[in-house]
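Scroll down for the structure; my scribbles are underneath it.
Values below: every heavy atom of this structure, side chains too, minus hydrogens, waters and symmetry copies. Just so it is clear, the model here is predicted, and its values are computed rather than measured.
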Amino acid sequence: MARIAEDETRHAELSWAIDDWAHERLSDTEHATLREARRRAVETLRAELTQPLDAELIAQAGMPPPEVAAALLTSLERELWA
């Protein structure tokens with residue numbers, strides 16, 4: 001898991017670097033389009049998170065139950081995408 005975590009951290013860093021690079025090149029209209037697409041994606045994810053998960057999936061894979069996942073999404077939305 002440590003190796004996977006390191007790899008995923010590098011992926012996240014690359015994603016933020018690409019976001020910074022692209023952000024500087026977008027017009028106001030493109031920024032508005034991106035904000036709307038992000039809003040729709042978060043709403044879709046929020047709806048998906050309401051679906052109950054199998055208890056074994058929560059236990060074995062460490063998936064958060066729906067109420068915890070929803071709280072995590074709210075935090076991400078506030079801290080990263082506001």
Side-chain angles (χ1 to χ4, degrees):
M1 294 303 284
R3 183 170 160 252
I4 292 171
E6 289 173 13
D7 196 38
E8 291 304 318
T9 299
R10 283 192 303 274
H11 292 157
E13 289 171 349
L14 177 59
S15 294
W16 284 112
I18 291 169
D19 182 70
D20 286 342
W21 174 85
H23 187 78
E24 297 172 359
R25 290 158 176 78
L26 297 177
S27 68
D28 289 344
T29 301
E30 291 166 329
H31 280 284
T33 300
L34 180 59
R35 279 191 302 276
E36 178 58 21
R38 184 177 289 144
R39 186 196 64 74
R40 286 192 317 266
V42 169
E43 288 305 312
T44 298
L45 182 55
R46 190 177 310 283
E48 290 174 0
L49 293 177
T50 64
Q51 302 303 310
L53 295 175
D54 182 271
E56 188 170 337
L57 184 60
I58 293 170
Q60 296 296 322
M63 297 293 292
E67 62 277 2
V68 173
L72 290 169
L73 179 59
T74 296
S75 178
L76 285 171
E77 187 175 22
R78 182 179 56 249
E79 297 296 324
L80 298 179
W81 305 315

Under 3.5 Å, which donor-acceptor pairs do the side chains of residues 29-37 form with other protein atoms, sequence neighbours left out?
| residue | atom | partner | partner atom | Å |
| --- | --- | --- | --- | --- |
| Glu30 | OE1 | Ser27 | N | 2.7 |
| Glu30 | OE1 | Ser27 | OG | 3.3 |
| His31 | NE2 | His23 | O | 3.2 |
| His31 | NE2 | Leu26 | O | 3.3 |
| Thr33 | OG1 | Thr29 | O | 3.0 |
| Glu36 | OE1 | Arg39 | NE | 3.1 |
| Glu36 | OE2 | Arg39 | NE | 3.4 |
| Glu36 | OE2 | Arg39 | NH2 | 2.6 |

Checklist entry - Is there side-chain contact between Leu45 and Glu48, with heavy atoms separated by less than 4.5 Å? => result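 Leu45 vs Glu48: side chains touch.
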Item to check | Any residue meeting side chain to side chain contact (heavy atoms under 4.5 Å, CB included) with Asp28, in chain and number order, not counting sequence neighbours | outcome: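 Listed in chain order: nothing, the list is empty.
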Item to check | Pairing residues for Glu56 by the side chain to side chain contact (heavy atoms under 4.5 Å, CB included) criterion, not counting sequence neighbours | outcome: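 For Glu56, the residues satisfying side chain to side chain contact (heavy atoms under 4.5 Å, CB included) (neighbours in sequence not counted) are Asp54, Gln60.
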Checklist entry - Which value, rounded to the nearest 0.5 Å, describes the distance between Arg38 atom CZ and Glu77 atom CD? => result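 Going from the CZ atom of Arg38 to the CD atom of Glu77 covers 10.5 Å.
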Checklist entry - Measuring from Ser15:OG to Glu8:CD, what's the distance to the nearest 0.5 Å? => result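 The CD atom of Glu8 is 9.5 Å from OG of Ser15, to the nearest 0.5 Å.
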Item to check | Criterion side chain to side chain contact (heavy atoms under 4.5 Å, CB included) on Asp7 and Arg3, from CA distance to verdict | outcome: CA-CA 6 Å; Asp7 196 38; Arg3 183 170 160 252; 5.8 Å; no
Checklist entry - If you draw a 6.0 Å radius around CZ in Arg25, do more than 12 non-hydrogen atoms from other residues or ligands fall strictly inside? => result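 Yes, the 6.0 Å shell around CZ holds more than 12 heavy atoms from other groups.
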Show me, pair by pair, the donor-acceptor contacts under 3.5 angstrom made by side chains of residues 66-76, not counting sequence neighbours?
| residue | atom | partner | partner atom | Å |
| --- | --- | --- | --- | --- |
| Thr74 | OG1 | Arg46 | NH1 | 3.4 |
| Thr74 | OG1 | Ala70 | O | 3.1 |

Next on the checklist: Using a 4.5 Å cut-off between side-chain heavy atoms of Ile, Leu, Val, Met, Phe, Trp and Tyr, which other residues end up in the same hydrophobic cluster as Leu53?
Outcome noted: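 Members other than Leu53 - counting any ILVMFWY side chain reachable under 4.5 Å - are Leu57, Ile58, Met63.
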Item to check | Members besides Ile18 in its Ile/Leu/Val/Met/Phe/Trp/Tyr cluster (side-chain heavy atoms under 4.5 Å) | outcome: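 Ile18 clusters with Leu14.
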